[in-house]
**Q** 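Input: one structure, supplied below.
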Protein chains: 2
Amino acid sequence: MVSTTQILKDHKLRVTPFRIEVLELFSGAQHALAAADLETLLNNPDRITLYRTLKSFEEKGIIHKAIDGTNQPKFALCEAHCHEHNHHDEHVHFHCIKCENTFCIESVFIPEVSLPQGFRIKQTDMIVSGECEQCVMKEL
Amino acid sequence: MVSTTQILKDHKLRVTPFRIEVLELFSGAQHALAAADLETLLNNPDRITLYRTLKSFEEKGIIHKAIDGTNQPKFALCEAHCHEHNHHDEHVHFHCIKCENTFCIESVFIPEVSLPQGFRIKQTDMIVSGECEQCVMKEL
DNA sequence: AAGATAAATGAAGCAAAATTGCATTTTTTT
DNA sequence: AAAAAAATGCAATTTTGCTTCATTTATCTT
């Protein structure tokens with residue numbers, strides 16, 4: 001298992017206590033985290049530092065943004081083979097309308113689509129929303 | 001051609017000058033509009049009224065939200081057969097990273113995906129991003 | 001192991017975006 | 001034309017995010 005410290009070094013980021021803390025939260029999370037979630041979990045850290053941390057993690061390929069239709073962008077750990085400015089997170093994201101959580105479905109790839117001529121495609125995102133397993137269970 | 005007034009009536013909304021104005025902007029738009037776009041186009045209307053108008057239009061099935069990865073949700077006219085709480089906008093949205101505009105690609109349907117067991121799927125969104133035709137042209 | 005340097009942090013202040021409650025105005029219905 | 005219901009506009013507040021700058025910290029070099 002790769003240590004948090006090693007992950008930071010591998011992505012050419014300085015190892016600071018704050019970054020370690022943030023990264024460990026991501027490692028332990030079962031779902032994608034919004035900036036607001038992290039603020040709570042970290043007990044009201046300096047918000048600007050948090051934003052900057054998220055930004056550099058994203059740029060270096062440690063986390064990726066999971067769009068989910070809410071106005072709050074969520075973040076989750078990248079898969080192993082992401083690098084600086086070269087993400088490979090071509091999986092579907094699931095957004096639960098009950099618990100509001102967003103999950104990476106790494107086993108399901110986003111299908112290709114062909115658009116009318118003229119468009120230059122760079123990236124495709126897919127968000128499936130509905131109810132997650134836990135929430136469906138609770139209803140029964 | 002259906003008049004703006006008629007569209008409002010059909011969706012059980014009272015006909016007010018403000019709503020007519022907003023709806024006509026949507027009819028004339030070539031791409032999805034963010035709340036901020038509308039504020040400009042309407043020359044700084046009361047922002048709250050605008051938000052409420054968008055909300056009721058969406059609820060009644062006149063417009064739909066086009067997620068595009070920016071934090072600003074965009075809105076566009078629904079296709080003809082949308083009704084209250086019963087949208088049918090299963091098309092792909094395209095977000096141009098140059099001009100920042102978001103387009104409904106009504107000719108391209110979102111492919112179905114199957115998720116691991118346990119999820120209850122309600123809706124699927126697909127956002128393709130890259131450069132739109134106009135922006136690609138400009139570069140040549 | 002200590003100092004140099006480059007990067008990260010935290011504080012203060014600001015700007016924009018969104019929400020709430022309430023009083024007023026307008027639309028629709030009778 | 002009046003009554004009822006809905007929509008609007010204002011004020012105040014909250015949340016979110018950005019910029020600048022001084023200080024602190026991690027890393028690299030010797």
**Q** What nitrogen or oxygen pairs link the protein and nucleotides 21-25 of chain C at under 3.5 Å?
**A**
none

**Q** To which residues is A/Met126 joined in a hydrophobic cluster, defined by side-chain heavy-atom contacts under 4.5 Å among Ile, Leu, Val, Met, Phe, Trp and Tyr, whether direct or through other members?
**A**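 Its cluster mates, by chain and number, are A/Val92, A/Phe94, A/Phe103, A/Ile105, A/Val108, A/Ile110, A/Val113, A/Leu115, A/Phe119, A/Ile121, A/Val128, B/Val92, B/Phe94, B/Phe103, B/Ile105, B/Val108, B/Ile110, B/Val113, B/Leu115, B/Phe119, B/Ile121, B/Met126, B/Val128.
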
**Q** With sequence neighbours excluded, give me every salt bridge (charged side-chain N to carboxylate O under 4.0 Å, His left out) pair touching residues 39-52 of chain A.
**A**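 Non-adjacent pairs meeting salt bridge (charged side-chain N to carboxylate O under 4.0 Å, His left out): A/Glu39-A/Arg47.
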
**Q** Please say whether more than 12 non-hydrogen atoms of neighbouring residues, nucleotides or ligands are located less than 6.0 Å from NZ in B/Lys9.
**A**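 It does not: B/Lys9 NZ has 12 such atoms or fewer within range.
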
**Q** Quick check: B/His64 with B/His91 (ring centres under 6.0 Å apart)?
**A**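 Centroid separation for B/His91 and B/His64: below 6.0 Å.
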
**Q** Between N or O atoms, less than 3.5 Å apart, protein on one side and nucleotides 27-30 of chain C on the other: list the pairs.
**A**
residue, atom, partner, partner atom, Å
C/dT27, O2, B/Arg14, NH1, 2.9
C/dT28, OP1, B/Val15, N, 3.0

**Q** Find the distance between SG (A/Cys78) and NZ (A/Lys60) and round it off to the nearest 0.5 Å.
**A**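 The NZ atom of A/Lys60 is 13.5 Å from SG of A/Cys78, to the nearest 0.5 Å.
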
**Q** Under 4.0 Å from any heavy atom of chain A: name the first and the last nucleotide of DNA chain D that qualifies, 5' to 3'.
**A**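 Nucleotide range in contact with chain A: D/dT16 to D/dT27.
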
**Q** Any pair with a residue in residues 98-121 of chain A that passes salt bridge (charged side-chain N to carboxylate O under 4.0 Å, His left out), sequence neighbours left out, goes on the list, sorted by first then second residue, please.
**A**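 Counting only pairs at least two positions apart or across chains, the salt bridge (charged side-chain N to carboxylate O under 4.0 Å, His left out) contacts touching residues 98-121 of chain A are A/Lys98-A/Glu131, A/Lys98-A/Glu139, A/Arg120-B/Glu131, A/Arg120-B/Glu139.
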
**Q** Could you list the cluster mates of A/Met137? Members are the ILVMFWY residues connected by side-chain heavy atoms closer than 4.5 Å, either directly or through other members.
**A**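 For A/Met137, no cluster forms, as it stays isolated from other hydrophobic side chains.
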
**Q** Taking NZ in A/Lys55 as the centre, count heavy atoms belonging to other residues, nucleotides or ligands within less than 6.0 Å. Is the count above 12?
**A**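 Count not over threshold, so no.
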
**Q** Under the 4.5 Å side-chain heavy-atom rule for ILVMFWY, direct or indirect, which residues accompany B/Tyr51?
**A**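 Other cluster members: none.
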
**Q** Using C1' atoms of five pairs at each end, report the bend of the helix from C/dA1-D/dT30 to C/dT30-D/dA1 rounded to 10 degrees.
**A**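 Helix axis angle between the two ends: 40°.
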
**Q** Say whether, by atom type as modelled, one donor and one acceptor occur between the side chain of A/Arg19 and the main chain of A/Leu8 under 3.5 angstrom.
**A**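 Side chain of A/Arg19 to backbone of A/Leu8: no pair is present.
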
**Q** What I want to check is whether the side chains of A/His95 and A/Thr102 have a donor and an acceptor closer together than 3.5 Å.
**A**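 Per modelled atom types, A/His95 and A/Thr102 side chains form a pair under 3.5 Å.
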
**Q** Could you tell me which residues satisfy side chain to side chain contact (heavy atoms under 4.5 Å, CB included) with B/Glu21, sequence neighbours excluded, listed by chain and number?
**A**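 With neighbours one apart ignored, the set is B/Leu42.
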
**Q** Between atom NZ in A/Lys12 and atom P in C/dA7, what is the gap in whole Å?
**A**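 It works out to 13 Å between those atoms.
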
**Q** Check B/Ala32 against B/Asp37 and note the closest heavy-atom contact, atom names and distance.
**A**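 The answer is O-OD2, 4.3 Å.
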
**Q** Check each residue of residues 35-46 of chain A for a non-hydrogen atom within less than 4.0 Å of any atom in DNA chain C, then write out the ones that pass by number, or none.
**A**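 Listed by number, they are A/Asp46.
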
**Q** Quick one: CG on A/Leu23 to CD1 on A/Ile20, what's the gap to the nearest 0.5 Å?
**A**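 A/Leu23 atom CG to A/Ile20 atom CD1 measures 8.5 Å (nearest 0.5 Å).
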
**Q** Would you kindly give the CG-to-P distance between A/Leu50 and C/dA8, to the nearest whole Å?
**A**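 Computing the A/Leu50:CG to C/dA8:P distance gives 15 Å.
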
**Q** Can you list the residues that meet the salt bridge (Lys or Arg N to Asp or Glu O under 4.0 Å) rule with A/Asp68, with sequence neighbours excluded?
**A**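 Per chain and number, A/Asp68 pairs via salt bridge (Lys or Arg N to Asp or Glu O under 4.0 Å) with A/Lys74.
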
